[in-house]
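Everything on this sheet refers to the single structure shown next.
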Protein chains: 2
Amino acid sequence: MPPSRRAANSLQSPRLASAEPGHGVTLADVALAAKVSLATASRVFSHPQLVREATAQRVHDAARRLSFRPNLLGAKLRAQQTRIIGVMLPTLDNAVFAECWRGIEESAMSAGYSLMLVTSNYEPARERERVEYLLRHRVDGMVLTVADASDSTVLDQLDREAVPYVLAYNQVAAQGTGSQRHSVSVDNRTSADEGVKALIAAGHRRIAVISGAFTASDRARQRFAGYEDAMRANGLPVLAPVNLPSHTASNADQIRRLMADGTAPTAFFCTNDLLAIGVISDLKRLGLRVPADVSVLGYDGIALGGLVEPPLATVVQPNADIGAQAIARLLRRLGSAGAPQLADAAASQALLLPHALRLGGTVGPPA
Amino acid sequence: MPPSRRAANSLQSPRLASAEPGHGVTLADVALAAKVSLATASRVFSHPQLVREATAQRVHDAARRLSFRPNLLGAKLRAQQTRIIGVMLPTLDNAVFAECWRGIEESAMSAGYSLMLVTSNYEPARERERVEYLLRHRVDGMVLTVADASDSTVLDQLDREAVPYVLAYNQVAAQGTGSQRHSVSVDNRTSADEGVKALIAAGHRRIAVISGAFTASDRARQRFAGYEDAMRANGLPVLAPVNLPSHTASNADQIRRLMADGTAPTAFFCTNDLLAIGVISDLKRLGLRVPADVSVLGYDGIALGGLVEPPLATVVQPNADIGAQAIARLLRRLGSAGAPQLADAAASQALLLPHALRLGGTVGPPA
DNA sequence: TTGAAAGCGCTAACAG
DNA sequence: CTGTTAGCGCTTTCAA
């Protein structure tokens, strides 16, 4: 048999025996049934304005009748763009990122984009692996949070390959560094500074910082810098940060040691809410009352913090909005695919969203 | 020009001007560089055992030199299977599902499968929309949690189209109903029964159930049934369930009304931990102490519950494992693509994972 | 063990 | 407005 031009639809193709409605029905089948060409059928779905109303209707009818379901794979392969956005977050176990995902999913889906989510668990090695994975899927762009944006091989790679991406939570230097990186975050340092100043305004002088590993989070470092700013501005002693290994386990021993000291702090600034909730419990187990004996200020503004009693005092970030804006910015970059770098170079690369302080609750005057 | 058979690799193809390493390099380029055919190059990656060691090495070298990155789209389209698993969860804002995702991601990725996550927000309409979306992406199968597995158009559709899926959290009737649905969950009714019996053993007689909307969660209904079992078995009065609209807002008014009643309950069984944490706070705001004045038992065993003080007493589900097992079962079904229904019909469709009670903490004897 | 050839399902020039 | 045609990048018979 010569390489003959078969009819658009080969009836003898190895169709699976099982009759799965919608499965195996191709656009060609629909075109055949609607008595139009494959191209026209295609247009009905991708460029409806190019096809006459009546024709479109015939195609739609046929599609419905055959329960046609477009195979996005074919479209993507041919179109050389997947309309998939890769998302890499450290973990979903921290509500911050779960809330962020809500914003991401909502704005991506409503813009007709699909998502592929991976988590890095704050590990740079896993970041590389997961990003490579997203790249193999030919995502059109990425929204991600990396451990350390100022020293990230993954970001370097993305830059090198000119893959459009927008950072979420990671805050790139305002400007002047020449970095073309885009980010959406709050101003970590300034907001932390404000939070700690509120602690100082409440009368606290000995304030300690509890944080996760600095290596796993540039945000934690920036927030610590904000703490330093506030303390220095008030002539108060900057205490060495306490870096706790786990957010999700009791760190009672470390807390006990801190409080046993003659010069125990009267307030804690925790660089994230999850940590703050753990610290509050540890304090309670030590027989200390919050905020009567010790005040605790968190950072993140996860919904759960507002649910507990007393409510967690914290620096609130608009988590869902961070996700939504990151997608929005990425979409803008993807839209102007021509010369994106130049197009919005004037616009600030680092979008800073407003933060808020939620005080009261776990913050009160020193004992 | 006749429909001529061009060389495998067309040099005049519209390559984008931008030099993006790895982007645009195809298997054909690699084959050319390695001086083998496209077919051989392909085999090196998909069926290494079919190709001579030395040849494979040449191909690998060329691939590395050109920074070749396989385009999964081409492979998927041709292979007629995507190795993507669709995952639909109600929300990630409830830590139960975030924890479950961890198990899902880990076992899927390590099996070489990709994931596509969508959330339904407990809304059947959105369930349909999101599932259709996953289907268009031609996922090989799905792991999902639906609002109500016993009345789900989405599940009916999946059955009709013979799409392999495994339910997570939704617990299908043990057997006898003839349903071929697969599920991984704990035994909701039995575990709730045990939890409530523990409350009774602690001395409680008036126990109320606080739950989310029954329509949004068959688990909530099953857990309520477990409560009924426990109460009836002990000759205690079954109180009407209190269905709260939101997990993430204060429901203080409803709680106040309940407690104002002359016959206020001495213990609450909340059908999920998030709810329990909210209820505890509401109780505290009413000036009631937990567990001194009122006991609270949750359900889910989210990590956070163990962090608060006092620790949340609860029925613990192995969330990450539910996700991991759901993937494992799905993979088994996908593997034996031939006659899956018959192959493991003997095995229980409904995998019940062990639960555990975590007592103490917010549960004590009645006042 | 390797190569040639035929598509997977869809889109997008280019003609008509 | 519609049809013809040539692939997107990859896998997989079928032959050699």
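Naming convention: chains lettered A, B, ... in sequence-line order (proteins, then strands); numbering from 1 in each chain. Owing to the predicted nature of the structure, the values given are computational and were not obtained by experimental measurement.
- Heavy atoms of A:L72 sit nowhere under 4.0 angstrom from any nucleic acid atom.
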Run B:R136 and B:E132 through salt bridge (charged side-chain N to carboxylate O under 4.0 Å, His left out) and show every step you take. CA-CA 6 Å; B:R136 287 179 179 205; B:E132 173 62 25; 3.0 Å; yes

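- When the nearest nucleotides of DNA chain C are assigned to B:Q49 and A:G74 by heavy-atom distance, the more 5′-ward of the two goes with B:Q49.
- What separates CZ of A:R138 from C1' of D:dC8 is a distance of 11 Å, to the nearest Å.
- Nearest nucleotide to the side chain of A:R78, out of C:dT11, C:dT1, D:dG9: C:dT11.
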Given salt bridge (charged side-chain N to carboxylate O under 4.0 Å, His left out), test B:R69 with A:E161 step by step and report yes or no. CA-CA 12 Å; B:R69 175 154 39 227; A:E161 305 198 16; 2.2 Å; yes

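- With rounding to whole Å, A:F45 atom CZ is found 13 Å from C:dG9 atom C1'.
- Side-chain nitrogen and oxygen atoms of B:T26 include none within less than 4.0 Å of the OP1 or OP2 phosphate oxygen of D:dG9.
- Residue B:S37 has a polar side-chain atom (N or O) positioned under 4.0 Å from OP1 or OP2 of C:dG3.
- Of the candidate nucleotides D:dC10, C:dC10, C:dG3, D:dC10 has the atom nearest to the side chain of B:F68.
- Atom CZ of B:R136 is separated from atom C1' of C:dC10 by 14 Å (rounded to the nearest Å).
- Ring centers of A:F68 and A:H60: at least 6.0 Å apart, outside the cut-off.
- No hydrogens or angles were tested; on distance alone, a donor-acceptor pair under 3.5 Å links the side chain of B:R43 to the base of C:dG3.
- Per the geometry, CD belonging to A:Q80 stands 18 Å off P belonging to C:dG9, to the nearest Å.
- Between A:A39 and B:K35, it is B:K35 whose nearest contact on DNA chain C lies nearer the 5' terminus.
- When the nucleotides D:dT4, C:dC10, D:dT11 are ranked by their closest atom to the side chain of B:S42, D:dT11 comes out on top.
- For B:T55, the listed nucleotide lying nearest its side chain is C:dT1; candidates were C:dA4, D:dT4, C:dT1.
- Taking each heavy atom of B:Q81 and B:D140 in turn, the nearest pair found is OE1-OD2, 3.2 Å.
- One interatomic measurement links the two molecules: CZ of B:R58 to P of C:dT1, which rounds to 14 Å at whole-angstrom precision.
- When rounded to the nearest whole Å, the span between NE2 of B:H137 and P of C:dC8 equals 22 Å.
- Residue contacts shown for B:L73 are absent, as no nucleic acid heavy atom lies under 4.0 Å away.
- Counting only heavy atoms from C-beta on, A:H47 has its side chain closest to C:dA12 among C:dT1, C:dA12, C:dG9.
- Using a 4.5 Å heavy-atom cutoff, the side chains of A:S42 and A:L38 are not in contact.
- Rounded to whole Å, atom P of C:dG9 lies 12 Å from atom CG of A:L77.
- Rounded to a whole Å, the CG atom of A:L27 is 13 Å from the P atom of C:dC8.
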